[in-house]
**Q** 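My questions will all concern the structure given below.
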There are 2 protein chains.
Amino acid sequence: MSSNDHQPKQQKPSLSRERVVAAAIAILDGEGENALTFRALAKSLSTGSGAIYWHVADKRTLLAAATEHVLSEAIAQSGRGTHPADAVRDVALGVFDVIEAHPWVGTELAREPWQPAMTTLFEKISAGFDAMGVPRSALFYCGSALVQYLLGFAAQAAAAARHDFQSQDRTEVLTTLVARWTQGEPADYPYVHLLADELRSHDEREAFLAGLDLILAGARNLQG
Amino acid sequence: MSSNDHQPKQQKPSLSRERVVAAAIAILDGEGENALTFRALAKSLSTGSGAIYWHVADKRTLLAAATEHVLSEAIAQSGRGTHPADAVRDVALGVFDVIEAHPWVGTELAREPWQPAMTTLFEKISAGFDAMGVPRSALFYCGSALVQYLLGFAAQAAAAARHDFQSQDRTEVLTTLVARWTQGEPADYPYVHLLADELRSHDEREAFLAGLDLILAGARNLQG
DNA sequence: ACCTGAACACCGTTCAAGT
DNA sequence: ACCTGAACACCGTTCAAGT
């Protein structure tokens with residue numbers, strides 16, 4: 001059509017599993033979980049939807065691969081800290097940060113908790129508890145408890161992000177939540193009403209760390 | 001066809017929100033989460049799929065109503081115990097038992113944590129922590145931490161149940177999980193390999209209670 | 001070996017038409 | 001007011017046909 005038609009044709013880069021996963025992550029981050037369909041993915045990769053199946057087995061696998069991509073590096077690099085408890089905190093905060101940045105990771109973890117990266121996480125956490133002096137017989141329970149706390153946060157954060165994404169208004173979402181929260185009679189729900197303001201104004205990271213410290217304190221309590 | 005054809009025609013009971021929810025629960029319990037479709041539901045109620053929309057707004061609402069139905073009663077009746085910590089344990093165990101009996105409740109909680117029944121749960125838990133002597137300023141964090149631990153268990157239990165449901169063989173599922181679990185080099189994952197046997201043989205209820213006690217011990221630690 | 005895109009099976013949801 | 005069931009829009013996935 002135009003005069004620069006004769007410049008070398010844009011070499012279409014061939015598809016690969018990495019490019020598919022990268023495109024999936026871009027859609028998930030930019031347009032939300034519901035926007036990820038094989039048709040949308042094919043369009044963003046300028047290919048047919050069937051082509052994707054040559055590189056990933058199905059949507060579950062694709063979601064797992066995307067999760068693994070953003071999670072594994074964060075977990076691998078985490079775990080620093082002079083005291084063992086700090087190292088455990090650092091690992092947990094690594095996951096926290098990933099979920100804040102990519103809420104769909106929270107959805108995926110809540111649905112399919114045992115991603116490969118979670119094994120690395122369990123390893124690091126167990127090492128931390130061991131270094132804290134937790135007896136061998138309690139290591140598994142401590143690790144499991146921390147993982148489950150993490151998964152619970154993931155579920156809650158992902159649900160909140162999904163609602164935010166729909167209404168584009170964080171304050172409105174929180175107001176709605178607090179309204180439902182305080183729907184019961186104050187006489188029947190004194191603590192809920194007492195703590196409703198904190199629900200509205202709490203800092204997620206601070207609450208996350210406070211809960212983490214509860215588990216760490218409980219674990220410290222198990223020292224021989 | 002047969003001679004008792006002239007008995008009074010089976011009076012077809014009219015539809016209602018309760019009957020729809022009850023039928024949904026029956027499908028979820030009996031045939032699994034994937035079996036719940038509006039077509040299957042309509043068939044089991046001997047009606048058209050459009051009729052259901054007269055009683056429930058959409059599938060999300062239906063799932064929430066089903067969850068509320070099995071969860072609210074369990075939570076309302078729980079919370080007994082002579083010591084405050086026992087009362088908190090009792091509430092948490094109530095949810096544990098519901099999820100063991102109806103794994104789809106775990107999926108739903110992991111996806112949509114703030115069901116109405118969860119407000120009652122938060123109320124009871126907060127009362128327990130207060131009675132344990134947790135300072136007012138830490139009540140919200142303690143309650144949130146316990147809820148998130150519960151949600152994490154819900155996610156994990158539901159995922160396990162989904163896998164069990166597919167392969168009809170709990171041992172096989174566990175073997176596969178442990179195999180993936182111990183896939184890494186023993187030198188790189190010493191704790192994972194050390195604890196793999198416990199992953200295979202652990203009692204869910206015991207592990208759940210052990211994690212719960214970690215949080216309770218941490219909370220007790222906050223006493224003024 | 002890898003890509004194309006129409007076709008298939010199956011959803012949730014709507015709605016004109018009935019009673 | 002409530003029910004019926006075909007129709008619609010939209011999925012994930014498959015597959016014959018191409019290169």
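Here is the naming used below: chain letters follow the sequence lines, and residue numbers restart at 1 for every chain. Predicted, not measured: the structure shown is a model, and the values here were computed from it.
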**Q** Taking only nitrogen or oxygen atoms into account, show me every contact under 3.5 Å that the protein makes with nucleotides 15-19 of chain D, one pair per line with its distance.
**A**
none

**Q** If you look only at pairs with a residue in residues 68-80 of chain B, which of them pass as a salt bridge (charged side-chain N to carboxylate O under 4.0 Å, His left out), with sequence neighbours excluded?
**A** none
**Q** Go through DNA chain D and write down every stem, that is, every run of at least three consecutive Watson-Crick or G-U wobble pairs with distances under 3.5 Å, as range with range.
**A** C:4-8 with D:12-16, C:12-16 with D:4-8
**Q** What is the distance, to the nearest angstrom, from the CG atom on A:L63 to the C1' atom on D:dG12?
**A** 13 Å
**Q** Please list, one pair per line, the donor and acceptor atoms closer than 3.5 Å that link side chains of residues 146-154 of chain B to other protein atoms, with sequence neighbours excluded.
**A**
unit_1 : atom_1 : unit_2 : atom_2 : d
B:Q148 : NE2    : A:Q156 : OE1    : 3.1
B:Y149 : OH     : B:F208 : O      : 2.8

**Q** Could you tell me the separation between the NZ atom of B:K59 and the P atom of C:dT13, rounded to a whole number of Å?
**A** 8 Å
**Q** Sequence neighbours left out, what pairs pass ring-ring contact (aromatic ring centres under 6.0 Å, His included) with at least one residue falling in residues 40-72 of chain B?
**A** B:F38-B:Y53
**Q** What residues form a side chain to side chain donor-acceptor pair (under 3.5 Å) with B:E31, not counting sequence neighbours?
**A** none
**Q** Going by side chain to side chain contact (heavy atoms under 4.5 Å, CB included), name the residues that satisfy it together with B:E123, two or more places apart in sequence or in a different chain.
**A** A:Y189, A:P190, A:Y191, A:V192
**Q** Identify, with sequence neighbours excluded, every residue that meets ring-ring contact (aromatic ring centres under 6.0 Å, His included) alongside B:W114.
**A** A:W181
**Q** Output the rounded distance in Å from CD1 (B:I52) to C1' (C:dT14).
**A** 14 Å
**Q** Choose from C:dC3, D:dC3, D:dC8 the nucleotide whose nearest atom is closest to any side-chain atom of B:R39.
**A** D:dC8
**Q** Enumerate the residue pairs fulfilling side chain to side chain donor-acceptor pair (under 3.5 Å) with a member in residues 96-108 of chain B, sequence neighbours excluded, ordered by first and then second residue.
**A** B:D29-B:H102, B:D29-B:W104, B:E33-B:T107, B:D97-B:R205, B:T107-B:R162
**Q** Where the side chain of A:S49 is concerned, which of D:dG5, C:dC3, D:dT13 is the nearest nucleotide?
**A** D:dT13
**Q** To the nearest Å, give me how far apart CG (B:L62) and C1' (C:dG12) are.
**A** 12 Å
**Q** Whole angstrom is fine here: how far is it from CG in A:L41 over to P in C:dG5?
**A** 15 Å
**Q** Any side-chain heavy atom of A:S44 within less than 4.5 Å of one from A:I27?
**A** yes
**Q** Under the ring-ring contact (aromatic ring centres under 6.0 Å, His included) rule, collect the residues that match up with A:H193, sequence neighbours excluded.
**A** none
**Q** Taking only residues two or more places apart in sequence, or in another chain, which ones meet A:Y141 in a side chain to side chain donor-acceptor pair (under 3.5 Å)?
**A** B:E206
**Q** As an exercise, state the distance from OG1 of A:T182 to CZ of A:R200, rounded to the nearest 0.5 Å.
**A** 8.0 Å
**Q** Could you check which residues of residues 18-38 of chain A get a heavy atom under 4.0 Å from DNA chain D? Sort them by number, please.
**A** A:L36, A:T37, A:F38
**Q** Can you measure A:W54 atom CH2 to C:dG5 atom P for me and round it to whole angstrom units?
**A** 18 Å
